[in-house]
Amino acid sequence: MSVVLMIIDMQQGGRDPSLGTCGQPNAEINAGRLLAHWREQGYPVIHIRHDDMNPESPYAPENPGHAFMPEVAPLPHEEVVDKRG
């Protein structure tokens, strides 16, 4: 059996006030706990990063919101996949 943990769009842009209030204020903390446990087991992790091509978006690659939240930031050996939507 193959397993992988995918962390999707957990970026600083999610904290941008222009997006409204987060319905899950502890999401990044809980995701960080899950990620730490997953890593302890030696299971693979893939990080999905949203690249918004609108330069005004917090998720635009040139904006600070494009960065991963520190609680779930990838390690150098973990795969990062950029997506556009």
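Just so you know, these numbers come straight off a predicted model, no measurement behind them.
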Original post:
Where do Gly32 and Val72 come nearest, in terms of heavy atoms and distance?
Top reply: N-CG1, 3.7 Å
Original post:
Shared ILVMFWY cluster between Ile46 and Trp38, side chains joined below 4.5 angstrom?
Top reply: no
Subject >> Spacing of Ile48 atom CD1 and His50 atom NE2 [to the nearest 0.5 Å] >> reply: 12.5 Å
Subject >> Close side-chain approach of Pro74 and Glu79, heavy atoms under 4.5 Å >> reply: no
Original post:
Looking only at heavy atoms, what is the nearest atom pair of Met69 and Gly14, with distance?
Top reply: CE-CA, 4.4 Å
Original post:
At what distance, to the nearest 0.5 angstrom, does CD of Glu28 lie from CG of Asn26?
Top reply: 7.5 Å
Original post:
Taking the side chain from Asn63 and the backbone from Ser57, do they hold a donor-acceptor pair closer than 3.5 Å?
Top reply: yes
Original post:
Counting N and O atoms only, with roles assigned by atom type, does the side chain of Tyr59 sit under 3.5 Å from a partner on the main chain of Asn54, one being a donor and the other an acceptor?
Top reply: no
Original post:
Got Arg39 and Leu75 here, is their nearest side-chain heavy-atom distance under 4.5 Å?
Top reply: yes
**OP:** Establish whether Leu5 and Phe68 are linked, either directly or via other cluster members, by ILVMFWY side-chain heavy-atom contacts under 4.5 Å.
**Re:** no
Original post:
How many angstroms lie between CG in Leu34 and CD1 in Ile7, if you round to the nearest 0.5 Å?
Top reply: 6.0 Å
Subject >> Whether over 12 other heavy atoms sit under 6.0 Å from Glu56 CD >> reply: no
**OP:** Determine which pairs satisfy side-chain hydrogen bond (donor to acceptor under 3.5 Å, both in side chains) with at least one residue from residues 67-77, sequence neighbours left out, and list them in order.
**Re:** Arg15-Glu71
Original post:
Roughly how far apart are Gln11 CD and Asp51 CG, rounded to 0.5 Å?
Top reply: 7.5 Å
**OP:** Would you kindly confirm whether Val4 and Val45 end up in one hydrophobic cluster when ILVMFWY residues are joined by side chain heavy atoms under 4.5 Å apart?
**Re:** no
Original post:
Do Glu78 side-chain atoms and His47 backbone N/O form a donor-acceptor pair below 3.5 Å?
Top reply: no
Original post:
Roughly how far, to the nearest 0.5 Å, is OH of Tyr43 from NE2 of His37?
Top reply: 7.5 Å
Original post:
Which value, rounded to the nearest 0.5 Å, describes the distance between His66 atom NE2 and Glu62 atom CD?
Top reply: 8.5 Å
